[in-house]
Amino acid sequence: MCEKIKINPQKLYNGCIFMAVAHAVTVGEYPELNYEHSWDGINYCMNNSRGCRGAITFNKKYIIAVFQDLSAEMPYQDAMNYFGGAPEAIVKLAKAETLPYVLKNIAGETKPYITAAFWGTWKELYSVSQYDELMKNGAHILAVQLMETHEALRACDDYYGLTDGQMDLILSLSKQRSQTDFSMPVILKKTDALYGDMDEIRVSMGELNIELEE
């Protein structure tokens, strides 16, 4: 019913932190893109503005990812169909934490609408879809998050046009944030690498529990 997929849980988490940090560093320049990446408690959310969104819950025990790709043109089916074989604890967590980010009006009723999902523990991840199908139907939004760090930085440079200072800051901050407990604030000293709308930067950094020194 479900099968193990070739995504390393820790690498996924590190990649999501990396992208959220890259977004936070550059959102002052591009405030119109402030919806593309956000961190809400244990949940990381993505929206590529081209009809695909996703949410990943990083619980202490479990990881749950759901995707809603409107370009996949898949007929609506109950979101629980994507959790076949999942333990009850994961289903319960998905309903409480992950699925509320992918709601859609279905025939006058607001319901979770997803086109792909995977779930599991910090050791291994599973899906009812094969890997290629999973990526095609929504998980492609994680393309950069699943890259090696140097490739991800190059992709971010292509997208945001990073300065050397921004690159250094993204590398150091993402490493620090991914290697320390999320409940522990990371203090960021004043830096020339941050500019533009500082309010937007503070909001995105705050979601990652990164505090900017005044």
Side-chain angles (χ1 to χ4, degrees), residues 1-21 23 34-72 74-106 109-131 133-146 177-178 181-183 204 207-209:
M1 206 168 191
C2 61
E3 58 181 68
K4 189 176 172 181
I5 55 169
K6 54 183 181 184
I7 292 177
N8 178 286
Q10 188 64 51
K11 186 179 176 185
L12 171 68
Y13 176 72
N14 293 347
C16 291
I17 291 281
F18 182 92
M19 271 312 299
V21 167
H23 170 79
N34 62 5
Y35 61 88
E36 287 195 338
H37 301 272
S38 60
W39 211 285
D40 182 15
I42 60 172
N43 304 309
Y44 167 62
C45 301
M46 307 147 275
N47 186 329
N48 72 356
S49 74
R50 297 188 298 279
C52 186
R53 66 175 64 220
I56 306 180
T57 298
F58 291 103
N59 175 268
K60 283 188 175 172
K61 275 188 172 182
Y62 305 115
I63 295 172
I64 302 163
V66 297
F67 306 93
Q68 181 192 92
D69 188 357
L70 301 181
S71 67
M74 295 175 68
Y76 168 77
Q77 59 172 308
D78 192 304
M80 290 301 102
N81 291 354
Y82 291 91
F83 289 86
E88 185 55 40
I90 283 181
V91 172
K92 192 175 174 183
L93 186 63
K95 287 177 178 176
E97 292 283 351
T98 333
L99 291 169
Y101 294 100
V102 285
L103 300 176
K104 197 170 184 287
N105 188 307
I106 308 290
E109 231 183 304
T110 302
K111 298 178 179 180
Y113 170 60
I114 60 176
T115 49
F118 62 79
W119 40 264
T121 65
W122 287 84
K123 287 186 176 177
E124 49 199 16
L125 298 168
Y126 295 86
S127 179
V128 296
S129 309
Q130 291 189 338
Y131 183 80
E133 185 188 355
L134 179 70
M135 298 307 287
K136 188 177 104 178
N137 292 330
H140 57 81
I141 199 172
L142 286 174
V144 178
Q145 289 88 332
L146 294 175
R177 180 69 292 167
S178 61
D181 191 293
F182 212 93
S183 64
S204 291
E207 291 171 358
L208 287 158
N209 202 10

Tell me, do [X] and [Y] make a side-chain contact under 4.5 Å, heavy atoms counted?
{"X": "Tyr13", "Y": "Tyr44", "result": "no"}
{"X": "Lys111", "Y": "Tyr76", "result": "yes"}
{"X": "Met46", "Y": "Gln145", "result": "yes"}
{"X": "Ser71", "Y": "Arg50", "result": "no"}
{"X": "Val102", "Y": "Tyr113", "result": "no"}
{"X": "Asn137", "Y": "Asp69", "result": "no"}

Between the main-chain N or O of Lys123 and the side-chain N or O of Thr121, is there a donor-acceptor pair closer than 3.5 Å?
yes

Side-chain donor/acceptor of Trp119 to backbone N/O of Val66, under 3.5 Å
no

Looking at every heavy atom in both [X] and [Y], which two are closest together, and how far apart are they?
{"X": "Ile56", "Y": "Ala65", "answer": "CG1-CB, 3.8 Å"}
{"X": "Phe182", "Y": "Gly41", "answer": "CE2-O, 4.4 Å"}
{"X": "Leu134", "Y": "Ala117", "answer": "CD1-O, 3.4 Å"}
{"X": "Ser129", "Y": "Ile5", "answer": "O-CG2, 4.3 Å"}
{"X": "Cys52", "Y": "Gly138", "answer": "SG-O, 3.5 Å"}
{"X": "Met19", "Y": "Val144", "answer": "SD-CG1, 3.5 Å"}

Spacing of [atom1] belonging to [X] relative to [atom2] belonging to [Y], to within rounding of 0.5 Å:
{"X": "Cys45", "Y": "Glu207", "atom1": "SG", "atom2": "CD", "answer": "9.0 Å"}
{"X": "Glu36", "Y": "Asn48", "atom1": "CD", "atom2": "CG", "answer": "7.5 Å"}
{"X": "Leu70", "Y": "Thr115", "atom1": "CG", "atom2": "OG1", "answer": "8.0 Å"}
{"X": "Arg177", "Y": "Asn14", "atom1": "CZ", "atom2": "CG", "answer": "12.0 Å"}
{"X": "Asn59", "Y": "Thr57", "atom1": "CG", "atom2": "OG1", "answer": "8.0 Å"}
{"X": "Ile141", "Y": "Leu146", "atom1": "CD1", "atom2": "CG", "answer": "11.5 Å"}

Classify the angle between the aromatic ring planes of Phe58 and Trp39 as parallel (below 30°), tilted (30 to 60°) or perpendicular (above 60°).
parallel

Please evaluate residues Ile64 and Glu97 with respect to the criterion side-chain contact (heavy atoms from CB on, under 4.5 Å), reporting the C-alpha separation (whole Å), side-chain torsions for both, the decisive distance (0.1 Å), and the verdict.
CA-CA 9 Å; Ile64 302 163; Glu97 292 283 351; over 6 Å; no

Which atom pairs, donor and acceptor, lie under 3.5 Å between side-chain atoms of residues 79-92 and protein residues at least two apart or in another chain?
residue : atom : partner : partner atom : Å
Asn81   : ND2  : Gln77   : OE1          : 2.9
Tyr82   : OH   : Gln77   : NE2          : 3.3
Tyr82   : OH   : Ile114  : O            : 3.3

